[in-house]
Amino acid sequence: MLKEAVLRTGCLDAVTSVSGGGSLSAEVLAERLLLVIYAYGTNTGIKAVASAGHGHTEDELRYVRRRYLSAEAARAIAVNIANATFAARSTDLWGQGSTAVASDSTHVRAYDQNLFTEWHSRYGGRGVLIYWHVEKKSLAIHSQLINCTASEVAAMVEGAMQHGTTMDVEANYTAGPAAPAGCRAGRGRRPDSASRGC
């Protein structure tokens, strides 16, 4: 699925070296980037992915990770995929484009050795919080790692205003701590429900 998304959207074209230049061919760079993204996205790790017999060593994959895959590059890849999805949608099948998103945080359990791991009293365990903005057709337009003690209101506003996609967000539906009084959308409800938006 990842390879198909890369082939259809050309999202890896946005990736450039953090130091400028670069001597890798586009094909080799794309293959190594796919392997590194797979390693991190599936939590398999670079060492395990490097042992798969595809011809790229662990050192080569780590080099590509350090030199090419920055937080900005990952965000650009995600934005390109989201924009390509919006452009490819058939209105006959999916209906008119949405202008509303639903947002909420997800607690993801993580090991103590992870530098970002924090204790969260509401969820009763260690982990990290990811704050999501999801368009009503189930496409994430923005996600961010937030501190367990951070205000979700700031994350909600940032994601709705600075998501970077071509979507024109006019309404944001949320529940829990980020929802101002009188503006709750109830857990699990979709942006197209009868709830009031924020």
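Linking ILVMFWY side-chain heavy atoms closer than 4.5 Å, directly or via other members, places Y40 and L61 in a single hydrophobic cluster. At a threshold of 4.5 Å between side-chain heavy atoms, the hydrophobic network of Ile, Leu, Val, Met, Phe, Trp and Tyr places L34 and L7 in two separate groups.
What you find for T42 and T44 is that their closest heavy atoms are OG1-OG1, 2.6 Å. Taking every heavy atom of both residues into account, S143 and I130 meet most closely at CB-CG2, 4.2 Å. Between I46 and A39, the shortest heavy-atom contact is N-CB, 3.8 Å. Of all heavy-atom pairs spanning G124 and R109, the tightest one is O-NH1, 4.2 Å. Closest approach of S105 to R122, counting heavy atoms only: OG-NH2, 3.7 Å. Here the closest non-hydrogen pair linking I146 and A155 is CG2-CB, 3.9 Å.
To the nearest 0.5 Å, the span separating CG on L129 from CG on L145 amounts to 8.0 Å. Atom OG1 of residue T165 and atom CG of residue D168 lie 9.5 Å apart, to the nearest 0.5 angstrom. The structure places CD1 of I141 at 9.5 Å from OG1 of T166, a figure rounded to the nearest 0.5 Å. Between the NZ atom of K3 and the CZ atom of R8 there is a distance of 13.0 Å, given to the nearest 0.5 Å. Taken from CZ in R67 to OG1 in T16, the straight-line distance is 10.5 Å, to the nearest 0.5 Å. With values rounded to the nearest 0.5 angstrom, L24 atom CG is found 6.0 Å from Y63 atom OH.
Contact check for I37 versus I77: side-chain heavy atoms found under the 4.5 Å cut-off. By the 4.5 Å heavy-atom criterion applied to side chains, V36 and Y68 are not counted as neighbours. Side-chain contact between V64 and L29 is present, with at least one heavy-atom pair separated by less than 4.5 Å. Residues D104 and E152 form a side-chain contact, since some pair of their non-hydrogen atoms from C-beta on lies under 4.5 Å apart.
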* What's the verdict on side chain to side chain contact (heavy atoms under 4.5 Å, CB included) for H163 and E158, showing C-alpha distance, side-chain angles and the deciding distance? -> CA-CA 8 Å; H163 52 86; E158 180 182 338; over 6 Å; no
* To do: Might you work through the side chain to side chain donor-acceptor pair (under 3.5 Å) test for N80 and T9, ending with a clear yes or no?
  => CA-CA 7 Å; N80 284 342; T9 64; over 6 Å; no
* To do: Just do the side chain to side chain contact (heavy atoms under 4.5 Å, CB included) check on V49 and H56 with the steps written out, would you?
  => CA-CA 9 Å; V49 168; H56 301 287; over 6 Å; no
* Asked: Going through the distances and angles, do T149 and N147 end up as a side chain to side chain donor-acceptor pair (under 3.5 Å)?
  -> CA-CA 5 Å; T149 59; N147 188 296; 2.7 Å; yes
* **V101 and V134: CA distance, side-chain angles, deciding distance, side chain to side chain contact (heavy atoms under 4.5 Å, CB included) verdict** => CA-CA 5 Å; V101 294; V134 181; over 6 Å; no
* Could you go through the side chain to side chain contact (heavy atoms under 4.5 Å, CB included) check for Y131 and S103 one step at a time? => CA-CA 7 Å; Y131 202 84; S103 59; 3.4 Å; yes
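Within 6.0 Å of OH in Y38 there are 12 or fewer heavy atoms belonging to other residues, nucleotides or ligands.
Side chain to side chain, T106 and W132 meet the donor-acceptor criterion of an N or O pair below 3.5 Å.
Using cut-offs of 30° and 60° on the angle between ring planes, the pair H107 and Y123 is parallel.
At distances below 3.5 Å, at least one donor-acceptor pair connects side-chain atoms of R65 with backbone N or O atoms of L69. No donor-acceptor distance shorter than 3.5 angstrom exists from the side chain of E58 to the backbone of A50, with no hydrogens or angles considered.
The salt bridge (Lys or Arg N to Asp or Glu O under 4.0 Å) test applied to E60 returns R32, not counting sequence neighbours. Residues passing the salt bridge (Lys or Arg N to Asp or Glu O under 4.0 Å) test with R126 are D112, sequence neighbours excluded.
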